Each structure stands twice: as C-alpha cells, then as structure tokens.
Amino acid sequence: MRWLHKLRLRLRSLVSRAQVERELDVELRFLLDSQIEENLAAGMNSEEARHAALRSIGGLAHLAEQCRDMRRVNFLADLAQDLRYAGRMLARSPGFTAVAVVSLALGIGANTAIYSFLESVLIRSLPVHDPASLVTLNWHTKGRVRSGRPTVIKHGNVNYYFAKAGFTGPTLPFPAFELFRTGSPVFSSVFAYSDAGSLNLVVHGEASLTRAQFVSGEFFRGLGVTPAAGRPIDAADDRAGATPVAVASYRLWQNRFGGTPNIAGESILVDNLAFAVVGVAPAGFYGPGSFNAGMEPDLYLPLHTSTLLDASYPAVPWNDKFSDKNNYWVEIMGRLRPGVGIGRRKRFSAPCFNDSPPTRHRMTRRKRTCRRCSSSRARKGSSRCASPMPSPFTF
Amino acid sequence: MLILKTVSVEPKHGWAIGKRIQQISSDVLQVQQGSLYPALHRLEQQGWIKGRMAATETGRQAKFYSLTRAGRAQLEKELANWARLSSAVNAVAQMA
C-alpha cells in the first residue's frame, strides 16, 4: 500500500500546490525564527542574530528548493516549463521546424513500410489452421558441390537449388505425391499444388487475365481453411473426367461476382473451357505458394483440370503428367500428425520415388543417383528464395 | 534512523527534532538544519513520517511530524541493522 500513499502525497504536491507551498513556507519561517531566538538568547543583537541564522541555514530559498526536490514535484514542473520553451523556440523558426517534422515523418514512414514488408515476407504465418505443423517436401540428390555458393538452376519454370548436400528442388512428379498421400504414419494429410500462371477468365461475358493455382482435392481440407461461401474443391472434383469446378478468391468474388452469396453453380470460362464455381476462399487466404503482393492467385482449379487446359495447346507434345515419373511439376505439402517430431520424420523412410534417370532435362549427369524426399518446415508457405533448404530430413 | 527514533516518542517539529538529537547525544551529533529539512521531506515522501500543521506551546504555527505504521516497521528494521553492524564493529575493535 506504500505506493498508494506515495501517489497520494505526490498528487497532493501537484494539485494543491499552493497549500503545500504555504506549509513549506510556514515550516521554514518557524525554523528561521527559532534560530534567531536562539541567537538572541546567546546575546547577539537582532540584526546579527538574523544574519547568523540565515547563514547557518544556508539560505531559505535554497533550502525550500531542496525540500521540493525531495518531493519529486520539480521534475514535472520543470518538464512542463521545458516543453513550453521548446514550443516557443519551434514557433520562432518555422523553417527549421518544417524540415525537422518532414524528415521525422519520412524516416518513420520508411521504417514502417520496410517493417510491414518484412513482416509479410519473413514473419507472417500462412493464414491457415495450425501453420506450424505444415511441411513442404523437397527432393534432393546426394553429391558434392565444389563451389560453396548456393546457386539456382532455372529449367522452364522449375528451380533447382544447388545446395551443399547436392541438388534439391521443391517440385515433384505426381506419382511421388500419390506415394505420400496413401497411409503415411507421419502426415495426417498431404496435398499438392502447382502454379497455373495467368489464365483467361470470362465472368458474365467480361474477360480478364487471372492468376490461378492448380490444387489437389485435399488442398483446402488439408490446410484447414473454411470457405467464405459454397464448398471447397474436394477429392471427387480432382479426378480425370470429373466436372470442371473452381474456387474463387475472396477478392475475385467481391470484384467480379459482387459478393453474391449464392455463387455456387455460377458458370465461368477459363481459357474458353466451362467451369462451375463451387465456393469462395476466405478473405486474406493466399495459398501456400509465395507470391508478390497483389499477385496472389484468384482462382483455384483441381489439379486434373490442367490436362484439359493443356489440351488447348495441341502443338505441344504433352506427356501424361499424372503418370510420368520424370515430369516435375507439383509442389507437395503435408501436415504432420500431432506429436510427430523431427526425429520421427528422420526415422520414417519412404522408398525412392524415382530411381530412373531423368532424361528430359539437363541434369543427366546424376543418372544413377536415387532421388529422395526431404521435408522442411513450411509455417510461412513454400519458399522459392535462392537459399539452401533449411536442414533437410531424409525420408 | 535518528529522525525516525526521535519522532517515535511524540510528534515534533523540525527544529525540535534537531535539538533533541543534539541533546540526547550530548552534542556529539550536530544536526545541520540545512540537511535535516530535506531529509524530513524525503521521509514523508517515503511514507514513514506524516506532517501536520499545529500550534507550538508559544502559539506559533509549525509542522509537526509523527511516525506512521510503515515508519515504525522501517525504524525496527534499521535499529536491528544498526545493532548488528555496531556489535560487529565493536567485536572487531575489542579484539584482543
């Protein structure tokens, strides 16, 4: 309770200042008079007595100031005085004031901008359920790298990372995804996705270029995302021959569909193919891939519809991307079962998903190397930065 | 500690506190009024003593200080500390 008492005293010193000052004055005057009386009794004349008393006390004003210091009130009074003084000086030189205010404003603004950018890139977690339990799968081969610097080899739209432990990359063939999604003791769910690039979207007769992402049937359920309207893409939609469906982003729903609540069943054209919209992703959802701000996908399509869309380019000889073990095109993300730690992930070993040499791209030197999968934490989504994968774990 | 002990008997004003300490210690301890008053204000701020305006025997207004409950506790603590310290010093000083 002592602090309460102190607070009351200090408030009293501040609020009823005049009262406290009067008391101080009476107190010190009494001291002075007592000292004078003593001096008089010792035989001094009145003038001498008064001077001697003042001398022994060391000045009334000085003593009063010391007493005030002890009350710690002066600090506040001085602060107010200094602030008033600062205000007056600033008002006197408006040019200097303007320069100071503008440079402060710019500095603070730039700082805020940089930190909000870094926050979105480095710190923010995926806006999904329990992002800490998500991992991405990367392939990697054993091998030595002579130069210590990690490099990125671009092949088509796929990046291969040249890390210390060998080659590694985030895209995998579809058969690898099938290997992981059936009955894994480590993952409670596994889902795949692939960037679809910009597609031609027609809504109500109006066409526009729209970023899209192919997602497997487990995608929305695996991320734990509840749609803002309608239903998500599910496993029945992601099959060869299924009716083509699509999930719109919240932004697309607002901009192109006017946020209508009965969006389910709306018909759209994607690259001139008819798709039925079944639902809307929640506001702020941008999927696990990394995108530049504003470039987030606006349309989510089942993985298997990619063959339909590819077919509109008959000039390209497409392999069957769902059975070809050498076609690296999906990114895979898994959600660890509760309690599965790093050690468990290490111990669990899956078969090599591809031991045949890749023939279609440049990395044929690694013919006899077995491609294995590793996983890395994906709390912030999959990373496409040109940095070595964080601590890979072999399956 | 000396101030707390002095006002623990009865409420006193600053002048009397100084004189009392001087008198009890047979003029060994000379209290400077210049340092006594700030000390009084500090002790009041700490909540160990409480000041009240009252009239002296001669009918003059003065500020009388009395010990608070927190002050009493503090006094006991400091007395115990002092006893410990002084007996320790004595023990060393009287070492054969």
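Below, chains carry the letters A, B, ... as their sequence lines are ordered, and counting in each starts from 1. Please read these numbers as outputs of a predicted model, since none were measured by experiment.
How far CZ of F30(A) is from CD of Q61(B): 10.0 Å, rounded to the nearest 0.5 Å. The distance from atom OG of S34(A) to atom NE2 of H13(B), rounded to the nearest 0.5 Å, is 6.5 Å. Atom CG of L28(A) sits about 9.5 Å away from atom NZ of K63(B), to the nearest 0.5 Å.
Looking only at side-chain heavy atoms (C-beta outward), E27(A) and H41(B) come within less than 4.5 Å of each other.
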Extract all donor-acceptor atom pairs below 3.5 Å that involve side chains of residues 90-104 of chain A and protein atoms in other chains or at least two apart in sequence.
| residue | atom | partner | partner atom | Å |
| --- | --- | --- | --- | --- |
| S93(A) | OG | M89(A) | O | 3.3 |
| T97(A) | OG1 | L90(A) | O | 2.8 |
| T97(A) | OG1 | S93(A) | O | 2.9 |
| S103(A) | OG | V99(A) | O | 2.9 |
| S103(A) | OG | A100(A) | O | 3.0 |

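Only the side chain of Y65(B) comes within contact range of chain A, with at least one heavy atom under 4.5 Å from a heavy atom of that chain.
Taking a 6.0 Å sphere around NZ of K19(B), one finds it holds more than 12 heavy atoms contributed by other residues, nucleotides or ligands.
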